[in-house]
**Student:** 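Mind looking over this structure? Questions follow.
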Amino acid sequence: MEPPKKEIRLFQLTILSWFKSNARQFQWRALGLSIYQIVISEVLLQRTKAETVSKNYDIFFKRYPDWNSLNNSNICDIENLLFPFGLYRQRAQRLKALAKAMVENNVLLPNERSLIEKIPLMGQYIANAVELLVFKRNIPLLDVNMARVLERYFGPRKLKDIRFDPYLKFLSREVVDHIKSKEINWAILDFAALICQSRKPKCPICVFQKTCQYHLKIYNLDLDGHQE
DNA sequence: AATGCGGGGTT
DNA sequence: AACCCAGCATT
């Protein structure tokens, strides 16, 4: 029941085309970021709007430019800087544990996936981000947003938890298995934020109208509604 | 599998 | 007032 390669190709071409004229610009999408900047950016982005992170991004990195400065700080200072991001008490604790682990490991990331996931705060999503952005592998940034876009377009998952759903895992890997893997990943996140929003998706201006399962379903329901 | 974390913006 | 946001750790 997996979508044919042809459908995947069409989705890739369309989202890349859309991305060309609609990409969002963020500090963490600049070229030549350090591993520290890449990892911390992903931590800040957890359950937090990209715009919120962007607004407070420079203040955080000016105060804590590297693993050592973060490791040498106290929890209270980190909390104060994290306050505008939300989840600040929990993230301050975990960030410091992460910095400590990195310093103890000579500020190096292991190459292997199973070892990456042993580091504090490196869950399924951030491990994927590390593989994509640091090691340049074709790996999906599978979060609630990518899940929503893929499920609306290709059809819903079975399991409740995104991280363990085999259908979504397979589908997301197929979709970003492309020479422009990073661009497709960012394109899907931007598309999710700007068009395929959780609550009020902008189907009327969406480039996927003809082939999106979600739109076709809504469209048919709408026709039924007007028939009486 | 379910729950807590959290300020800030949107509906 | 309710909902949502580039998740993770703990139970």
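From a predicted model like this one, the values you see are computed outputs, not experimental measurements. Chain naming here is simple, since letters A, B, ... match the order of the sequence lines and numbering starts at 1 in each. Only this structure's heavy atoms are used, side chains among them; waters, hydrogens and symmetry mates stay out.
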**Student:** Does Phe208(A) have its ring centroid less than 6.0 Å away from the ring centroid of Tyr153(A)?
**Tutor:**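 Ring centres of Tyr153(A) and Phe208(A) closer than 6.0 Å.
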**Student:** Identify whether the distance between the nearest side-chain nitrogen and carboxylate oxygen of Arg91(A) and Glu79(A) falls below 4.0 Å.
**Tutor:** no
**Student:** Just by modelled atom types, is the Asp66(A) backbone N or O under 3.5 Å from a matching donor or acceptor in the Ser69(A) side chain?
**Tutor:** yes
**Student:** When the distance from CG of Leu194(A) to P of dT10(B) is rounded to whole Å, what number comes out?
**Tutor:**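 Taking CG of Leu194(A) and P of dT10(B), I get 13 Å after rounding.
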**Student:** Identify, between Phe164(A) and Arg91(A), the residue whose nearest nucleotide on DNA chain B lies closer to the 5' end.
**Tutor:**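 The answer here is Phe164(A).
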**Student:** Closer to the 5' end of DNA chain B via nearest nucleotide, is it Lys200(A) or Asp161(A)?
**Tutor:**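 Residue closer to the 5' terminus by nearest nucleotide: Asp161(A).
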**Student:** Tell me if the NZ atom of Lys100(A) is crowded by more than 12 foreign heavy atoms within 6.0 Å.
**Tutor:**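 No, not enclosed.
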**Student:** Sugar-phosphate means primed atoms, P, OP1 and OP2; the rest is base. With that split, encode nucleotides 5-11 of chain C 5' to 3' as B, S or - using protein heavy atoms under 4.0 Å.
**Tutor:** BBBBS--
**Student:** In whole Å, what separates the P atom of dT11(B) from that of dA6(C)?
**Tutor:** 14 Å
**Student:** Rounding to an integer number of angstrom, what distance separates dG4(B) and dC3(C) when you compare their P atoms?
**Tutor:**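 Between the two P atoms, the distance is 15 Å.
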**Student:** Mark yes or no for whether Gln27(A), through its side chain, and Ser54(A), through its backbone, hold a donor-acceptor pair below 3.5 Å.
**Tutor:**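 Yes; judged by distance alone, with no hydrogens or angles, the pair exists.
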**Student:** Take atom P in dG6(B) and the same atom in dA1(C), then report the distance between them in whole Å.
**Tutor:** 22 Å
**Student:** Could you state the CG-P distance from Leu82(A) to dC5(B), rounded to the nearest angstrom?
**Tutor:**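 Atom CG in Leu82(A) sits about 16 Å away from atom P in dC5(B).
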**Student:** Rounded to whole angstroms, how far apart are CZ on Phe85(A) and C1' on dG9(B)?
**Tutor:**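 Checked: the CZ to C1' distance equals 15 Å.
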**Student:** For Ser34(A), does its backbone N or O pair with a side-chain atom of Gln37(A) as donor and acceptor, under 3.5 Å?
**Tutor:**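 Here the side-chain-to-backbone pair exists.
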**Student:** Is the base of dC3(C) touched by the side chain of Arg199(A) through a donor-acceptor pair closer than 3.5 angstrom?
**Tutor:**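 For Arg199(A), whose side chain was compared with the base of dC3(C), there is a donor-acceptor pair (under 3.5 Å).
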**Student:** Taking only the side-chain nitrogens and oxygens of Arg89(A), find out if one of them lies under 4.0 Å from OP1 or OP2 of dG6(B).
**Tutor:**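 So the side chain of Arg89(A) is within the cut-off, an N or O lying under 4.0 Å from OP1 or OP2 of dG6(B).
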**Student:** Under a 3.5 Å distance rule, please check whether Asn185(A) uses its side chain to pair with a backbone N or O of Leu141(A) as donor and acceptor.
**Tutor:** yes
**Student:** Between Tyr88(A) and dC5(B), is there a contact of a side-chain N or O with OP1 or OP2 at under 4.0 Å?
**Tutor:** no
